[in-house]
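For reference, the structure is listed below as structure tokens.
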Amino acid sequence: MKRNIVIATVAAAALIGGGTATAIAVAGDDEAPAKKTVTVSNDDNDRDDAQDTDDTAQDKAEDKAEDKAEDKAARDTDEDAEDKAENAADAKAAQITAADAIEAALKHTSGTAVSADLDDEGTTYVWDVDVLTGGGAWHSVQIDPATGKVLGSHTEKDDDGDDAAETAQIRDALKGSSVTAAEAAEAAAAKGTVTSVDLDEESRDKAWEVDTTAANGTGSDWRVALDTGKVTADRTND
């Protein structure tokens, strides 16, 4: 009776966890314990594990397909060989990333970075970062794309008299935003070399607009959500 109780108990434990268990069967007080191996396969757990693996593989496949579709939708389709050559040269010049250029500009001038563009100044390149200060002034800070050093800065003048309205619109667009220009650049860097970051404060679904260039010079346009940082193809011009 004792032997049966012990084996049944161990078998039940094996059923719960699945696998192999060893039970000691006791025939009587004077006899040596006898070992009995009980092997139990938990088919339900095995099936659940297999299902989880299949679901994971399917999710990965769907994510990969979605990424490919986004990459295709983001590509500039009207570029010729000359455009791609220029893009490749731009990407090669950007040894300092857009995110690093923005951080360097903000160390020089405190405020909110609203855009960063890799500009071709004839024979040289510079990162041109626009910073909006707390007092509402606009500063343009130039960063060396090879070293990250500040080359210069100047306050932008309100020549057309619409800076106040534009500033208000930008501040409204960034209200409640949790993604900075630098973070948007970092998020889009997975798609290629970032050559520009600009705030789109006029569209209904306000976002950071980011341009990237692949190694072969193919340019792509992206939008980075202001609240989540999610990167999607820029379809505003479709």
Side-chain angles (χ1 to χ4, degrees), residues 60-106 113-131 140-152 156 173 179-226 228-238:
K60 288 182 178 179
E62 290 176 353
D63 290 342
K64 189 174 182 179
E66 183 178 348
D67 287 342
K68 285 185 176 180
E70 289 288 344
D71 291 347
K72 184 177 180 180
R75 287 188 203 122
D76 293 331
T77 57
D78 57 350
E79 293 178 322
D80 56 21
E82 184 177 352
D83 291 332
K84 290 184 177 181
E86 291 179 358
N87 291 341
D90 291 347
K92 187 176 181 180
Q95 299 177 44
I96 298 299
T97 67
D100 289 340
I102 291 170
E103 293 298 336
L106 291 176
V114 178
S115 70
D117 295 285
L118 184 63
D119 293 335
D120 181 358
E121 302 289 344
T123 58
T124 59
Y125 286 88
V126 296
W127 278 111
D128 192 354
V129 183
D130 285 339
V131 178
S140 177
V141 185
Q142 290 76 46
I143 307 296
D144 188 332
T147 65
K149 293 182 178 180
V150 176
L151 299 175
E156 298 182 349
V179 179
T180 65
E183 290 168 341
E186 289 179 343
K191 303 295 186 178
T193 300
V194 176
T195 55
S196 76
V197 182
D198 291 285
L199 177 66
D200 176 13
E201 73 278 7
E202 297 180 349
S203 298
R204 184 180 63 178
D205 56 335
K206 300 172 179 60
W208 293 106
E209 294 181 324
V210 184
D211 294 342
T212 63
T213 299
N216 64 358
T218 299
S220 298
D221 303 323
W222 306 95
R223 293 179 70 81
V224 180
L226 295 176
T228 64
K230 183 178 181 180
V231 181
T232 56
D234 187 351
R235 297 180 172 86
T236 56
N237 294 323
D238 290 352

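Computed from heavy atoms alone, side chains included, the values below leave out hydrogens, waters and symmetry copies. Residues: numbered from 1 along the sequence shown. Given the structure is predicted, the values throughout are model-derived calculations rather than measurements.
Annotation for A98 and V197: closest pair CB-CG2, 4.4 Å, computed over non-hydrogen atoms. In terms of heavy atoms, A188 sits closest to V224 at CB-CG2, 4.5 Å. For the pair A113 and V129, the tightest heavy-atom approach, listed with the atom from each and the gap, is CB-CG1, 4.3 Å. Closest approach of A225 and V179 over heavy atoms only: O-CG2, 3.6 Å. Of all the heavy atoms in A187 and G229, the pair that sits closest is CB-O, 3.9 Å. The two residues A173 and L199 come nearest to each other via the heavy atoms CB-CD2, 4.4 Å.
Distance OG1/T213 to CG/N87: 4.5 Å, rounded to 0.5 Å. Atom CG of D120 is separated from atom CG of D90 by 6.5 Å, given to the nearest 0.5 angstrom. Residue I96 holds its CD1 atom at 12.5 Å from CD of E103, rounded to the nearest 0.5 Å. Atoms NZ and CG, from K206 and L226 in turn, are 9.0 Å apart once rounded to the nearest 0.5 Å. Distance check, rounded to the nearest 0.5 Å: CG of L118 to CG of D128 gives 10.0 Å.
Scored by the side-chain contact (heavy atoms from CB on, under 4.5 Å) test, N216 finds A214, T218 as partners (sequence neighbours excluded). Residues passing the side-chain contact (heavy atoms from CB on, under 4.5 Å) test with A146 are Q95, D144, sequence neighbours excluded. With sequence neighbours excluded, the residues forming a salt bridge (Lys or Arg N to Asp or Glu O under 4.0 Å) with D200 are R223, listed by chain and number. With sequence neighbours excluded, the residues satisfying side-chain contact (heavy atoms from CB on, under 4.5 Å) with A104 are I143. Under the side-chain contact (heavy atoms from CB on, under 4.5 Å) criterion, A93 pairs with Y125, sequence neighbours left out. For the side-chain hydrogen bond (donor to acceptor under 3.5 Å, both in side chains) test, residues two or more places apart in sequence or in another chain that qualify with S196 are D211.
Contact of the E156 side chain with the D130 side chain is registered, since non-hydrogen atoms from C-beta on lie closer than 4.5 Å. Side-chain contact between T232 and W222: absent, with no pair of heavy atoms (C-beta onward) separated by less than 4.5 Å. With contacts defined as side-chain heavy-atom distances shorter than 4.5 Å, the pair T97/V194 does not qualify.
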